[in-house]
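Here is the structure we will look at, set down as structure tokens.
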Amino acid sequence: MEYNSTKVEKKWQSYWNKNSSFEPSNDFSKKKKYILSMFPYPSGRIHMGHVRNYTISDAIARNFRKSGFNVLHPIGWDSFGMPAENAAIKHGVHPKNWTYDNIDYMKKELNSLGLSFSKTREFATSDKLYSKHEQHIFIDMYKKGLVYQKTSTLNWCETCHTVLANEQVEDGCCWRCNNLVSTRKMLGYYLKITDYAQNLLDDIKKLETNWPKQVLTMQENWIGRSEGLEFEFNLSDETKIKLNNKFAKYSVFTTRPDTIYGVTYTALAPEHVIVKYLCDNKLLSDEKIKKIKDMQILGSIERAKNDKEGVDLEIHVIHPLTGKKISVWVANFVLIEYGGGAVMSVPAHDERDFEFARKYNLPIVQSIEQAKSSFDGSRALIEHGKLVNSGKYTGMSSKKAQKLIIDHFEQNGLGKKIVNYKLRDWGISRQRYWGTPIPMIHCSKCGLVHDDIENLPITLPEDIEITAKGNPLDAHPTWKHTKCPTCGGSAVRETDTMDTFFQSSWYFMRYTTDKSMWEDKIFDKTSSDYWMNVDQYIGGIEHAILHLLYARFFTKVLKDMGYSSVDEPFKNLLTQGMVLKDGTKMSKSKGNTVDPDSIIQKYGADTARLFILFAAPPQKELEWNSSGVEGAYKFIKKLSNLSSNSNSVDFIPIIDHKILSKESSFARKKIYTALKKSNDVFSHGYAFNTLIAACMEALNALNKQQNRDVWTEGYFILLNILEPIIPHVCWELSSSLYKLKNLKQLELLEDVLENTSIILPITINGKRRSEIEVAKDTSKNEIIALAKEATSKWLEEKSIIKEIYVPSKLVNLVVK
RNA sequence: GCGGAUGUGGUGGAAUUGGUAGACACGCCAGACUUAGGAUCUGGUGCCGCAAGGCGUGGAGGUUCAAGUCCUCUCAUCCGCACCA
């Protein structure tokens with residue numbers, strides 16, 4: 001059959017559309033697979049990264065559908081966010097129109113790839129119906145105490161005119177526009193993700209074998225659990241007087257209580273209340289106060305770049321175990337938001353404290369010794385070891401001393417063992433128009449109140465003016481003015497909108513529910529309990545922390561609120577590699593992009609899909625190579641051209657394997673090897689490149705033999721295996737030859753794969769010298785004899801020391 | 001600095017438990033068909049060597065009958081985190 005990609009692909013795409021071929025069934029007694037690729041932001045056009053992402057998920061979805069599973073493979077749009085507003089500023093288009101036009105266009109592009117999405121479950125997160133339930137979730141979380149407001153110093157992007165979560169700041173720059181981030185004090189809404197820190201950490205264990213290790217490590221580090229001792233330093237009597245008895249003590253946190261006898265000073269964060277008091281009451285020289293102010297101005301990111309700086313605060317505390325007087329410093333590297341904003345400093349055993357002590361000539365006292373790396377004063381000894389100079393703990397191991405010192409503090413009411421996390425609460429307020437409105441109201445009488453559920457959704461006004469400055473919702477003449485749901489008085493609506501990560505934290509649950517229930521329910525519990533969790537999630541590694549951690553958090557919250565029974569959203573995670581051109585990421589600014597549309601036009605979607613799955617395993621980076629694309633195209637043409645070798649049948653012909661020629665039996669073996677490979681590849685790892693290679697080998701082997709039944713059987717099976725990868729051409733050929741009856745689970749005939757004779761390589765001292773073909777049940781002695789005969793040339797004047805036969809693998813003769 | 005990953009021909013990449021290194025494809029070379037080919041088909045192709053043979057999975061050691069695979073050290077590249085006490 002002459003191959004015409006455009007004709008074939010149009011035909012089958014419209015067939016699939018007309019027949020709703022890929023809709024999930026609502027029969028929940030069936031075995032299911034939920035296959036999901038991360039939904040796209042509707043930026044305007046699809047790029048090769050999308051093509052790769054959706055081709056992978058589509059191949060998986062098609063495979064399981066073919067194998068008799070009820071498959072949910074949905075698509076939607078992560079459609080709120082800044083680019084829509086930027087487009088509005090630049091081109092004067094309304095964000096809504098820009099967004100929905102883009103969605104329409106990209107939908108057509110995705111359709112041209114022949115992706116088997118369930119179209120009836122598609123939505124955009126900017127749809128009013130989605131906002132309605134999102135606001136409902138927000139209010140539920142608020143009622144549960146998981147949402148609160150606070151003022152804090154936030155990362156502010158001057159270009160995007162909005163705050164950014166810590167997670168959204170990369171190298172001090174905005175993750176989206178890449179401009180330098182500054183700080184600002186602002187009031188905003190926070191989600192108490194820290195309440196779930198331990199839960200999120202514990203459940204990483206459940207993901208261990210099915211998520212890339214790298215992602216789990218990143219999440220673990222991000223949560224950053226550490227155990228240690230929290231205790232208080234009492235101020236010395238003179239200091240108390242100096243501070244007008246306003247303060248008596250402050251607390252510090254340490255993970256190394258075993259080094260406590262090495263404390264020679266303590267350090268406070270520049271924002272610490274005692275530091276503030278000293279400055280405000282001019283208890284320090286003007287010069288010192290100025291230096292402290294300079295520290296305070298810098299944001300944490302800026303501060304991290306600077307060298308260690310400090311000022312002696314001229315006050316003292318008492319060491320809780322030795323009773324000695326210790327000086328107190330302010331130091332720019334002490335973080336206010338962690339461990340109380342104060343540390344005990346052990347220069348001998350902490351690198352930061354060491355550096356600081358060296359700079360300011362503070363005393364260094366060793367309290368740990370270690371056999372392997374002795375303390376010579378040139379660097380801090382941070383390893384665990386044996387205690388020295390440590391009173392009654394001297395001589396103990398670090399581990400034992402830690403326990404006993406903590407016990408001592410606890411028993412005497414001086415401190416306690418606590419757990420700290422690096423994870424911070426998630427700030428979700430954004431000063432933007434194109435986002436989900438936060439359903440909160442500020443009433444001068446009742447304070448902060450949430451909207452009534454019946455009022456949802458709170459929708460965005462459409463008559464807005466988008467300028468580069470300020471929040472259009474705040475500037476709108478009427479939108480924010482409303483009535484207080486509690487007292488009925490006039491009140492003001494919250495004008496901040498939600499971080500878009502809020503939407504992507506639960507969209508996968510929404511898909512589980514039939515559209516008919518979308519008006520009334522966030523999602524249907526029975527449906528989500530059936531479909532969740534996602535059996536295979538596919539997306540970029542760039543979401544390793546942000547999206548994947550938030551989604552895990554939401555899943556747990558929704559479970560705790562009774563909406564579902566699942567505690568982890570994504571059972572298996574595949575992080576696909578980037579698509580590169582000329583060794584770097586494709587990007588418009590580098591001018592090295594390859595347009596998916598033009599590839600599809602020239603070669604067809606099947607070629608694009610085949611190339612993208614063949615060129616590299618999904619997890620690895622993929623280098624775009626135009627002659628590789630030609631190669632993929634050639635294979636499809638060859639496959640298509642050879643179709644006349646098969647008979648038109650409804651079933652695989654019955655073949656007596658024993659009477660076949662060598663070539664035919666070899667071809668059958670290759671065919672069934674490919675089928676086995678297909679089963680393996682889809683059950684773990686998704687190494688499509690090796691599956692495609694196996695298919696190529698099988699086709700090459702088929703083409704070297706003449707038995708028509710073997711051809712028919714082989715072709716019948718090959719089209720089955722290749723359907724998930726190159727669906728259009730496979731449906732076309734299958735419908736004309738087999739009435740599509742080969743597109744179902746096929747039986748793997750194990751006996752075809754069994755060998756009656758085996759080829760054994762013969763190695764001498766581990767070097768391959770020859771090979772022999774023997775019957776499967778040949779004895780070891782016979783095999784060794786044959787091996788010697790075959791390698792006699794290498795055995796002359798040598799004596800054989802050892803004869804090794806590894807059954808059906810090889811023979812190794814060790815000679816001297 | 002810490003953590004993670006990767007390193008195999010000219011190129012993309014194969015290689016269950018240690019068991020024929022380089023499958024499959026691209027590229028290249030030769031040939032066939034053809035008015036022509038940037039179409040198609042056939043054969044060849046790790047490196048050195050005329051050959052016998054030798055060498056060969058970033059590098060150096062080690063374990064083993066046998067190492068791409070296991071162990072120790074080391075180099076390079078990429079990614080993530082970055083003063084979290």
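Throughout, protein chains are lettered first and strands after them, A, B, ... in sequence-line order, and every chain is numbered starting at 1. Values in this document were obtained by computation on a predicted structure and should not be read as measured data.
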Name the nucleic acid region contacted by [X], choosing base, sugar-phosphate or nothing; use a 4.0 angstrom heavy-atom cut-off, strictly under.
X      : value
A:E803 : nothing
A:R225 : nothing
A:N420 : nothing
A:F635 : nothing
A:P617 : sugar-phosphate
A:V814 : sugar-phosphate

In whole Å, measure the gap between the [atom1] atoms of [N] and [M] for me.
N      : M      : atom1 : value
B:rU34 : B:rA39 : C1'   : 10 Å
B:rU6  : B:rU72 : P     : 16 Å
B:rU8  : B:rU77 : C1'   : 16 Å
B:rC28 : B:rG38 : C1'   : 15 Å
B:rU45 : B:rG22 : P     : 12 Å
B:rG49 : B:rG54 : C1'   : 8 Å
B:rA21 : B:rG56 : C1'   : 9 Å
B:rC70 : B:rU17 : P     : 9 Å

So, does [X] get its side chain near the phosphate of [N], meaning an N or O under 4.0 Å from OP1 or OP2?
X      : N      : result
A:N689 : B:rA14 : yes
A:N221 : B:rG4  : no
A:K634 : B:rC26 : yes
A:S226 : B:rA85 : yes
A:K620 : B:rU6  : no

Base-pairing assignment for [N] (Watson-Crick or G-U wobble, both under 3.5 Å):
N      : value
B:rU77 : B:rA5
B:rC70 : B:rG62
B:rA85 : none
B:rA15 : none
B:rA32 : B:rU40
B:rG22 : none
B:rG27 : B:rU45

The side chain of [X] is closest to which nucleotide in this list: [options]?
X      : options                : answer
A:V334 : B:rA85, B:rU40, B:rA66 : B:rA85
A:A693 : B:rA14, B:rG13, B:rA23 : B:rA23
A:K637 : B:rG19, B:rA39, B:rC24 : B:rA39
A:A615 : B:rA21, B:rG12, B:rC79 : B:rG12
A:Y338 : B:rC24, B:rG19, B:rA85 : B:rA85
A:F333 : B:rC83, B:rC24, B:rG13 : B:rC83
A:V343 : B:rU40, B:rG13, B:rA85 : B:rA85
A:S627 : B:rG4, B:rA85, B:rG27  : B:rG27
A:L335 : B:rA85, B:rC26, B:rC65 : B:rA85

Query raised in the report: Is there a donor and acceptor pair closer than 3.5 Å between the side chain of A:K704 and the base of B:rU42?
Result: no
Please report the distance, rounded to the nearest Å, between [atom1] in [X] and [atom2] in [N].
X      : N      : atom1 : atom2 : answer
A:Y805 : B:rA66 : OH    : P     : 20 Å
A:I783 : B:rU20 : CD1   : C1'   : 16 Å
A:L760 : B:rC65 : CG    : C1'   : 16 Å
A:F611 : B:rU11 : CZ    : C1'   : 11 Å
A:M218 : B:rC81 : CE    : P     : 6 Å
A:L813 : B:rC65 : CG    : P     : 15 Å
A:L722 : B:rC24 : CG    : P     : 16 Å
A:K670 : B:rC24 : NZ    : P     : 7 Å

Between [X] and [Y] (salt bridge meaning N to carboxylate O under 4.0 Å), is one present in this structure?
X      : Y      : answer
A:E663 : A:K704 : no
A:K676 : A:E750 : no
A:K780 : A:E803 : no

Using the six-membered ring wherever Trp is involved, compare the ring planes of [X] and [Y] and label them parallel, tilted or perpendicular (cut-offs 30° and 60°).
X      : Y      : result
A:H547 : A:H543 : perpendicular
A:F231 : A:F233 : perpendicular
A:H319 : A:Y261 : tilted

Requested in this report: Map A:A687 and A:K308 onto RNA chain B by nearest heavy atom, then report which one ends up closer to the 5' terminus.
Outcome: A:A687
Report task. Could you say whether A:E697 or A:K809 is positioned toward the 5' end of RNA chain B, judged by the nucleotide with the nearest heavy atom to each? Result -> A:K809
Query raised in the report: Taking syn as any angle within 90 degrees of 0 and anti as the rest, which one fits B:rG44?
Result: anti
Query raised in the report: Does the separation of the ring centres of A:W426 and A:F501 fall below 6.0 angstrom?
Result: no
Query raised in the report: Between A:F614 and A:F635, does the ring centre distance come in under 6.0 Å?
Result: no
Requested in this report: Assess A:K637 against A:Y3: is NZ or CZ under 6.0 Å from the centre of the six-membered ring, and within 45 degrees of the ring's axis?
Outcome: no
Query - Value rounded to 0.5 Å, distance of CG in A:L691 from CG in A:L675 - result: 9.5 Å
